[in-house]
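Here's the structure we're looking at; comments come further down.
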Amino acid sequence: MSVERRGPLSEGKAKILYSTDRNDFIVQHFKDDATGFNGLKKGQILGKGPINNSISAWVFQYLEKHGIPTHFVEKTAEREMLIKRVKIIPVEVVVRNLAAGSICKRLGIEKKHRFEPPFVEFFLKSDELGDPLISERHIFYFKWATPEQLKEMESKALRVNKLLTQVFDQVGLTLVDFKLEFGTDNDGNILLADEFTGDGCRLWDKETGEPLDKDRFRHDLGRVEESYQEVYQRLKRHFEGN
Ligand code: TMP
């Protein structure tokens, strides 16, 4: 599709959104910048931008093929993809298969506790507030999403979990947890938006149990770039066969 990139619309912690000559499409640009603990820790992961762009593109295409509509249109450059313009619903959906991260701290749950069935939590998308945990009551009272929208987001997130757990398992990785964002198009359809990358999920090597995601950066575990590369190479082999 020939769409021309125009000026920046907004810049986030890891991505920049650009307008285009078509009102219904925007360009999503992936930076190497990395943050942890809601922006308290800042740095760069060299090569992350192109890796996250590729991984998101593979994952979105795979999910589309399996019945999950997304905002993805096509990869247009090493760090850029064309996406449909959506109105982001300010509720982040987190799905957990194993306990890690904030749920362990918040509730004293033992790390690696297996959630059967997978556990869903909602967070408010707000950098200023540090993405606080919210309940359905908050969501409906403040009209961040309707009950129908939330139900659809939750069921889509659980379907994404089923599909991607399998994919990651096939490349020797455990999908521990992940965060999704959704948006609505002009017709009110709910599309999976934002990204799916090692920045927004936990991936542990199936054999060693080692984290290969942004936790390496958050907790100064070393071999950060190498771990992003490792996940990229495994998924490249899986999706492109080389
Ligand atoms: P948490 O353990 O910090 O709540 O995060 C759960 C998963 O969701 C983890 O893979 C990181 C991801 N996540 C984000 O990427 N951004 C967010 O704002 C939140 C709340 C979670």
Side-chain angles (χ1 to χ4, degrees), residues 10-15 28 30-43 45 48-49 51-53 55-56 59-60 88-115 117-136 138-139 144-145 150 153-154 156-158 160-161 163-165 167-169 173-183 192-205 209-221 224 227-228 231 235:
S10 63
E11 178 157 3
K13 290 176 281 191
K15 297 190 291 294
Q28 176 160 257
F30 290 79
K31 302 189 285 184
D32 284 352
D33 296 352
T35 59
F37 311 109
N38 288 305
L40 285 179
K41 182 179 165 77
K42 286 196 175 86
I45 301 174
K48 176 169 82 73
I51 287 176
N52 281 2
N53 190 29
I55 293 177
S56 277
V59 167
F60 283 144
I88 292 288
I89 297 170
V91 175
E92 302 185 340
V93 183
V94 167
V95 180
R96 301 181 188 274
N97 294 307
L98 298 173
S102 75
I103 199 165
C104 298
K105 263 209 192 130
R106 239 185 300 124
L107 303 177
I109 310 294
E110 199 177 334
K111 194 172 172 192
K112 295 189 197 164
H113 165 85
R114 177 167 287 282
F115 292 105
F119 198 81
V120 176
E121 289 181 328
F122 304 114
F123 293 82
L124 180 65
K125 182 176 165 63
S126 165
D127 284 342
E128 307 85 73
L129 300 175
D131 299 335
L133 179 76
I134 50 177
S135 72
E136 296 193 6
H138 295 110
I139 294 169
W144 290 321
L150 198 70
M153 287 157 66
E154 178 165 357
K156 286 199 159 110
L158 289 170
V160 167
N161 187 43
L163 290 164
L164 295 186
T165 293
V167 168
F168 285 112
D169 184 70
L173 296 169
T174 303
L175 179 58
V176 174
D177 58 26
F178 60 87
K179 182 262 301 181
L180 298 181
E181 294 182 25
F182 294 89
L192 179 61
D194 192 46
E195 62 177 72
F196 193 101
T197 69
D199 284 5
C201 71
R202 289 194 170 88
L203 297 168
W204 294 346
D205 184 86
E210 277 241 15
L212 294 174
D213 52 68
K214 203 167 81 172
D215 269 352
R216 299 206 75 84
F217 167 82
R218 291 187 188 101
H219 303 293
D220 297 318
L221 300 179
V224 182
S227 301
Y228 272 75
V231 171
L235 289 173

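All ligand and atom numbering here is 1-based and tracks the order in the structure.
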Qualifying residues under side-chain hydrogen bond (donor to acceptor under 3.5 Å, both in side chains), relative to R218, sequence neighbours excluded: D215
SB check K179 D194 (cutoff 4.0 Å): yes
Ring centroids only, cut at 6.0 angstrom: are F37 and H219 within range, meaning strictly under it? yes
Begin from the C-alpha positions of E121 and R106 and carry the test salt bridge (Lys or Arg N to Asp or Glu O under 4.0 Å) through to its verdict. CA-CA 13 Å; E121 289 181 328; R106 239 185 300 124; 3.0 Å; yes
Polar pairs, ligand 1 vs protein, N/O only, below 3.5 Å.
residue: ligand 1; atom: 2 (O); partner: R96; partner atom: NH1; Å: 3.2
residue: ligand 1; atom: 2 (O); partner: S102; partner atom: N; Å: 2.8
residue: ligand 1; atom: 2 (O); partner: R202; partner atom: NH1; Å: 3.0
residue: ligand 1; atom: 4 (O); partner: R96; partner atom: NH2; Å: 2.8
residue: ligand 1; atom: 4 (O); partner: S102; partner atom: OG; Å: 2.5
residue: ligand 1; atom: 10 (O); partner: D177; partner atom: OD1; Å: 2.6
residue: ligand 1; atom: 10 (O); partner: R202; partner atom: N; Å: 3.4
residue: ligand 1; atom: 18 (O); partner: E92; partner atom: OE1; Å: 2.8
residue: ligand 1; atom: 18 (O); partner: D131; partner atom: OD2; Å: 2.7

Once ring pair (Phe, Tyr, Trp, His ring centres under 6.0 Å) is applied, do any residues pair with F60, and if so which ones, sequence neighbours excluded?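 Residues passing ring pair (Phe, Tyr, Trp, His ring centres under 6.0 Å) with F60: H71.
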Among residues at least two apart in sequence or on other chains, which ones pass ring pair (Phe, Tyr, Trp, His ring centres under 6.0 Å) with F178?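 If we apply the ring pair (Phe, Tyr, Trp, His ring centres under 6.0 Å) test to F178, skipping adjacent residues, the hits are F196.
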